[in-house]
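Below is one structure, written out as structure tokens; the observations come after it.
Chain A is the first sequence line, chain B the second, and so forth, proteins listed ahead of strands; every chain is numbered from 1. Please read all numbers here as calculations on a predicted model, not as lab measurements.
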Amino acid sequence: MSKPSIPQGTRDFSPAEVRRRQYIFNTLRDIFENYGFQPLETPSMENLTTLMGKYGEEGDRLIFKILNNGLHEKKEADKEKLNAEWSKVLEKPYATPVVTERALRYDLTIPFARYVVMHQNELAFPFRRYQMQPVWRADRPQKGRYREFWQCDADVVGSTSLINEAELLCIYQAELLCIYQSAFHKLQLPQVVIKINSRKLLAGIAEVCGMPELMMEITIAMDKLDKIGWEGVSKELSQRGISEDGINKIKHIIAVTGDNEARLSALENIMQSSETGKQGVAELRQTLAYHKDLASANWQAEVVVDISLARGLNYYTGVIVEVVTNAVKMGSIGGGGRYDDLTGLFGLKGLSGVGISFGIDRIYDVIEELNLFPQELATGTKVMLVNFGGANEQYALRTLQQLRNSGIAAEIYPDASKFDKQMKYANKRGIPYVILPGDEEREKQMLSLKDFTTGEQKMVTLEEVITTLNS
RNA sequence: GAGGCAGUAGCUCAGCUGGUUAGAGCAUCAGAUUGUGGUUCUGAGGGUCGAGGGUUCGAGCCCCUUUUGUCUCCCCA
């Protein structure tokens with residue numbers, strides 16, 4: 001009656017999928033290590049209070065909350081409070097430690113900030129770490145969107161006093177851009193575009209338009225430019241209460257074209273009346289200058305200044321980036337940005353950082369769709385020994401041990417089943433070689449080695465088997 | 001939170017305007033074949049047609065409710 005199933009938005013990963021995912025993880029890990037980042041892991045669950053209020057209103061709703069244990073054991077006095085809070089939960093989107101003290105990790109950045117604050121005295125700043133772990137969102141699943149998915153993050157935090165000028169954070173930002181390019185180069189992802197913008201520029205636009213308080217409204221509308229076009233955006237802008245005059249100015253800003261420097265120059269002119277806006281331009285310019293020195297000519301992924309880029313997470317304060325590939329219809333495959341004072345949320349002032357995130361589940365989907373996984377990933381057991389039972393089984397087991405000692409992934413069929421059944425099993429598993437240790441082989445102290453891809457079979461010594469399989 | 005589509009064997013799906021005992025391919029198991037797989041042939045097992053109610057002489061099919069999956073919008077990686 002009840003067929004087994006898994007929760008909505010979660011997935012099993014079969015052996016071949018795990019191999020392909022590990023290929024992506026390993027590629028990223030190598031690059032992170034190569035850039036001097038250190039690994040970090042944090043718990044799957046955090047205290048609710050650590051997470052709430054960090055991701056915006058929508059974010060709070062999407063946090064997976066864990067129901068407290070032992071609610072029925074509460075004392076009568078506590079139960080009254082529990083009842084009061086519970087009815088609030090039933091009424092509206094609401095979360096309270098009284099009911100849910102813990103919640104599943106929503107991203108890797110906030111737990112990282114929490115970690116930095118808790119271990120501030122042990123860490124050497126600037127602290128560079130990478131982290132590859134699953135995160136959970138109580139979102140509605142659809143294509144490229146899961147409720148459990150993995151992020152691979154790299155962040156640098158340092159004290160602003162150490163780094164004298166805030167602009168110097170740009171060098172880290174430039175490094176992170178290089179990590180993106182290097183990673184997508186290694187994974188051979190085509191048509192990758194790294195969009196870069198600055199929250200300060202967005203704030204500048206709002207200022208220039210004379211309505212700084214509507215910055216969020218303006219950026220949300222502008223973010224939809226490539227989806228609904230200028231006509232849609234202008235309509236949305238007026239719906240969101242932007243004046244005719246402001247819309248015209250925004251139209252002007254969006255119309256800026258040319259290469260990155262041309263865009264920045266044009267934006268600089270437009271931003272004359274906004275200190276914040278000018279600062280945004282300067283930071284972008286500085287970042288791109290560092291990047292030029294650090295980048296390799298081989299990398300295909302483009303870095304493009306895109307004024308219409310917004311990002312939902314509300315802790316970003318400066319440069320923001322987002323990665324897309326035009327080769328497949330898919331949401332962004334990575335994103336990140338600069339945050340000032342992220343740790344201030346947890347009581348440690350004066351630390352700033354930059355970070356990036358890879359959405360490896362989407363990257364997987366893209367590579368899969370474009371058939372870009374290397375062929376040779378499908379490895380595993382190299383050779384299976386057929387089991388003929390009795391003395392032959394003993395002979396096979398001794399051979400098996402010697403093969404394994406030589407570093408060859410080998411296994412034996414567990415019982416002396418019919419011959420073709422054993423062969424079919426090996427074939428289905430995709431094991432490339434089979435060894436037949438039978439009467440004749442045992443008496444001669446030899447082994448028959450069959451190559452499943454060619455069908456060839458020859459009787460050779462153990463040493464020859466090892467040489468063949470290790471080549 | 002709003003909407004579209006779907007739920008029939010382990011998997012992918014047929015099943016006509018409602019009409020005898022609900023089918024196919026793949027997979028599984030057994031045999032042809034007791035030391036030669038990936039090709040072939042034969043046979044077998046496997047279903048309260050997502051759940052509940054209604055209409056009807058009769059429902060896999062029509063109606064209502066419910067549930068699950070999937071896709072789109074919102075938002076995000």
5'-most by nearest nucleotide on RNA chain B - A:Ser448 or A:Arg147:
A:Ser448
Taking the inter-plane angle between the rings of A:Phe419 and A:Phe388 on a 0 to 90° scale, is it parallel (under 30°), tilted (30 to 60°) or perpendicular (over 60°)?
parallel
Which class fits the ring pair A:Tyr315 and A:Tyr339: parallel under 30°, tilted 30 to 60°, perpendicular over 60°?
perpendicular
Check whether any side-chain N or O of A:Asn47 sits under 3.5 Å from a backbone N or O of A:Thr49 as a donor-acceptor pair, and report yes or no.
no
Any N/O pairs under 3.5 Å between the protein and nucleotides 71-73 of chain B? List them or say none.
{"unit_1": "B:rU72", "atom_1": "OP2", "unit_2": "A:Gln142", "atom_2": "OE1", "d": "3.4"}
{"unit_1": "B:rU72", "atom_1": "OP2", "unit_2": "A:Lys143", "atom_2": "N", "d": "3.4"}

Give one of base, sugar-phosphate or nothing for A:Lys450, where a contact means two heavy atoms less than 4.0 Å apart.
base
Aromatic-base stack, A:Phe149 on B:rA77, cutoff 5.5 Å, angle under 30:
yes
Can you tell me how far P in B:rU42 sits from the matching atom in B:rU33, rounded to whole Å?
16 Å
In whole Å, measure the gap between the P atoms of B:rC71 and B:rA30 for me.
38 Å
May I ask you to say what A:Tyr425 touches in the nucleic acid, namely base, sugar-phosphate or nothing, with a heavy-atom cut-off under 4.0 Å?
nothing
Between B:rU70 atom C1' and A:Ile6 atom CD1, what is the distance in whole Å?
14 Å
Is the cationic atom of A:Arg21 (NZ for Lys, CZ for Arg) positioned less than 6.0 Å from the six-membered ring centroid of A:Phe13 and within 45 degrees of its normal?
yes
Within the structure shown, what part of the strands sits under 4.0 Å from A:Ser332 by heavy-atom distance: base, sugar-phosphate, or nothing?
sugar-phosphate
If you measure from the C1' atom in B:rG15 to the same atom in B:rA59, how many Å do you get, rounded?
14 Å
In whole Å, what separates the P atom of B:rC16 from that of B:rA6?
14 Å
NZ or CZ of A:Arg129 within 45° of A:Phe112 ring axis and under 6.0 Å:
yes
Classify A:Ile220 by what it touches in the nucleic acid, base, sugar-phosphate, or nothing, heavy-atom distance under 4.0 Å.
sugar-phosphate
A:Gln131 and A:Asp153 side chains, donor-acceptor separation under 3.5 Å:
no
Roughly how many Å apart are B:rC62 and B:rG1, using the P atom of each and rounding to a whole number?
29 Å
Say we look at B:rC29 and B:rC63: how far apart would their P atoms be, to the nearest angstrom?
42 Å
Atom-pair distance (CG on A:Asp107; P on B:rA77), nearest Å:
8 Å
I want to confirm an ordering. Mapping A:Lys418 and A:Asp361 to their closest nucleotides on RNA chain B, which one lands closer to the 5' end?
A:Lys418
Could you walk me through whether A:Arg147 and A:Gln8 pass the side-chain hydrogen bond (donor to acceptor under 3.5 Å, both in side chains) test, one step at a time?
CA-CA 7 Å; A:Arg147 285 185 156 178; A:Gln8 189 183 40; 3.1 Å; yes
Could you check how far OH of A:Tyr413 sits from P of B:rG35, rounded to whole Å?
14 Å
Do A:Thr467 and A:Glu464 pair up side chain to side chain, a donor and an acceptor below 3.5 Å, judged on atom types alone?
no
What's touching nucleotides 38-46 of chain B from the protein side, N or O pairs under 3.5 Å?
{"unit_1": "B:rG38", "atom_1": "O4'", "unit_2": "A:Asn427", "atom_2": "ND2", "d": "2.8"}

No-H, no-angle donor-acceptor pair, A:Glu441 side chain to B:rG35 base, under 3.5 Å
yes
Do you see a donor-acceptor pair shorter than 3.5 Å between the side chains of A:Asp439 and A:Asn392?
yes
Just checking, A:Arg442 and A:Tyr395: is the charged tip under 6.0 Å from the six-membered ring centre and within 45° of the axis?
no
Could you check how far CG of A:Asp420 sits from P of B:rG31, rounded to whole Å?
9 Å
Just the rounded figure in Å: distance from P of B:rC76 to CD1 of A:Ile320.
11 Å
Does the side chain of A:Gln8 get closer than 4.0 angstrom to OP1 or OP2 of B:rU68 through an N or O atom?
no
Taking B:rU72 as the reference, what is the distance to B:rC64 when you measure between their P atoms (whole Å, please)?
27 Å
Could A:Arg29 and A:Tyr130 be counted as a cation-pi pair, given that NZ or CZ must be under 6.0 Å from the ring centre and within 45° of the axis?
no
Ignoring hydrogens and angles, state whether a donor on the side chain of A:Ser198 or A:Glu283 is under 3.5 Å from an acceptor on the partner side chain.
no
Would you mind reading off the distance between A:Asp12 atom CG and B:rG69 atom C1', rounded to a whole angstrom?
15 Å
For the ring pair A:Phe64 and A:Tyr106, is the centre-to-centre distance below 6.0 Å?
no
Which nucleotide sits closest to the side chain of A:Phe419: B:rA77, B:rU36, B:rC74?
B:rU36
Should the side chain of A:Arg61 and the base of B:rC75 be counted as holding a donor-acceptor pair, with the cut-off at 3.5 Å?
no
Rounded off to whole Å, could you give me the OH-to-P distance for the A:Tyr55 and B:rC75 pair?
20 Å
What integer number of Å spans the P atoms of B:rG10 and B:rG45?
15 Å
Contact class for A:Gly438 (heavy atom, under 4.0 Å): base, sugar-phosphate, or nothing?
base
Mind calculating the distance between CG (A:Leu309) and P (B:rC76) to the nearest angstrom?
11 Å
Secondary-structure string, 5' to 3', Watson-Crick or G-U under 3.5 Å, | for another-strand partners, for RNA chain B
(((((((..((((.....[...)))).(((((.......))))).....(((((..]....))))))))))))....
Can you see whether A:Glu441 engages A:Ser448 through a side-chain donor-acceptor pair at a distance of less than 3.5 angstrom?
yes
Scan A:Leu436 against the nucleic acid and name what it touches under 4.0 Å (heavy atoms): base, sugar-phosphate only, or nothing.
base
